[in-house]
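Position 1 is the first residue of the sequence, and the numbers go up from there.
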Amino acid sequence: MNKDPYGQLASSLYASFNKQTRQALGGVGAVLGTVTSTGLKLDDFKHEFQDYMVAELPGLLSLPRRTVVGTTTWEGKQLDMLFDFEESEVEDTRLELGKGLKPGDRVLAVRVNGGNDVVVVCKVVNGHG
């Protein structure tokens, strides 16, 4: 009994396309990870990344109207002070996430370049405080 050669070809192409699609999408998507003292450990990958990237967010910083209470020293005396600041904007600011990360911090990372590189997008904290 001969098998249908066209059916075999279609089946082979389907399996090949399926495999290629899985490989292409395997390195895509966000994943949770933990910052370590020597790198970044992703939850779904057994090896640690020593060389990873961290997102940096340039932009305009908008500060609301606020009051700050503090203490200052003037002519050898400590004085309690109250400072009122008006709403303001600071141009050309940059949030440097990497400088605020410590070992043990949980982060959200995204794989790029076919899964060869990892970019930390933000720190993740418990929603209940």
Side-chain angles (χ1 to χ4, degrees):
M1 180 161 145
N2 285 339
K3 291 190 175 185
D4 177 19
Y6 297 110
Q8 287 178 334
L9 176 62
S11 178
S12 178
L13 287 173
Y14 178 78
S16 179
F17 287 146
N18 196 9
K19 179 181 176 186
Q20 293 296 327
T21 302
R22 274 197 313 272
Q23 286 177 345
L25 295 177
V28 178
V31 63
L32 290 174
T34 303
V35 175
T36 67
S37 60
T38 57
L40 175 67
K41 173 68 177 78
L42 299 180
D43 289 1
D44 67 351
F45 192 67
K46 68 179 180 177
H47 300 290
E48 180 182 82
F49 286 86
Q50 272 87 38
D51 186 25
Y52 63 95
M53 296 176 269
V54 179
E56 192 172 272
L57 306 172
L60 175 73
L61 177 63
S62 297
L63 300 169
R65 179 182 166 94
R66 64 210 174 278
T67 300
V68 178
V69 178
T71 304
T72 188
T73 303
W74 185 61
E75 294 183 355
K77 297 180 184 175
Q78 272 197 327
L79 302 171
D80 292 328
M81 303 288 293
L82 182 75
F83 300 95
D84 284 322
F85 294 96
E86 294 298 319
E87 183 177 315
S88 62
E89 292 181 342
V90 181
E91 293 182 15
D92 299 323
T93 57
R94 186 175 62 236
L95 175 61
E96 296 179 0
L97 178 63
K99 292 185 178 180
L101 295 175
K102 307 181 292 293
D105 283 348
R106 297 286 287 157
V107 295
L108 180 65
V110 177
R111 289 186 182 92
V112 294
N113 297 330
N116 294 321
D117 294 314
V118 177
V119 178
V120 173
V121 177
C122 63
K123 180 178 173 180
V124 179
V125 296
N126 186 326
H128 301 292

(request) Identify whether L57 and V124 are in the same connected component of the hydrophobic contact network (ILVMFWY, side-chain heavy atoms under 4.5 Å). (result) no
(request) Answer whether the closest heavy-atom distance between the side chains of V120 and F49 falls below 4.5 Å. (result) no
(request) Mind listing the closest non-hydrogen atom pair of G100 and D105 along with its distance? (result) O-OD2, 3.9 Å
(request) Determine whether V69 and F85 fall in the same hydrophobic cluster, where Ile, Leu, Val, Met, Phe, Trp and Tyr are linked whenever their side-chain heavy atoms lie under 4.5 Å apart. (result) no
(message) Are there over 12 heavy-atom neighbours, none belonging to D51, within less than 6.0 Å of that residue's CG?
(response) no
(request) Provide the closest heavy-atom pair for K46 versus K41 in the form atom of the first, atom of the second, distance. (result) O-CE, 3.5 Å
(message) Quick one: does any side-chain atom of S62 pair with a main-chain N or O of E89 as donor and acceptor, under 3.5 Å?
(response) no
(request) With rounding to the nearest 0.5 Å, note down the distance linking OH in Y52 to CG in L42. (result) 10.5 Å
(message) Looking at every non-hydrogen atom in both residues, tell me the closest pair between A109 and V118 and how far apart they are.
(response) CB-CG1, 3.5 Å
(message) Distance check, rounded to the nearest 0.5 Å: C122 atom SG versus L101 atom CG?
(response) 9.5 Å
(request) Measure the spacing between NZ of K123 and NZ of K102 and express it to the nearest 0.5 Å. (result) 4.5 Å
(message) I need the minimum non-hydrogen distance between L60 and T93, along with the two atoms involved.
(response) C-OG1, 3.9 Å
(request) Looking only at non-hydrogen atoms, find the nearest pair between E56 and P58 and report the distance. (result) O-CD, 3.2 Å
(message) My understanding is that only residues two or more places apart in sequence, or in another chain, count here; which of them pass side-chain contact (heavy atoms from CB on, under 4.5 Å) with Q50?
(response) T38, E48
(request) Compare all side-chain heavy atoms of L63 with those of L61 and state whether any distance is below 4.5 angstrom. (result) yes
(message) If hydrophobic clusters are built from ILVMFWY residues whose side chains come within less than 4.5 Å, do V31 and V35 share one?
(response) yes
(message) Tell me whether V107 shares a hydrophobic cluster with L97, the cluster being built from Ile, Leu, Val, Met, Phe, Trp, Tyr side chains joined at under 4.5 Å.
(response) yes
(message) Using side chain to side chain contact (heavy atoms under 4.5 Å, CB included), reason through L40 and F45 one step at a time and then give a plain yes or no.
(response) CA-CA 10 Å; L40 175 67; F45 192 67; over 6 Å; no
(message) To the closest 0.5 Å, what do you measure between CG (D44) and CG (L32)?
(response) 9.0 Å
(message) Are T67 and L82 packed together at the side-chain level, in the sense that at least one heavy-atom pair is separated by less than 4.5 angstrom?
(response) yes
(message) Looking at every non-hydrogen atom in both residues, tell me the closest pair between L108 and A30 and how far apart they are.
(response) CD1-CB, 3.7 Å
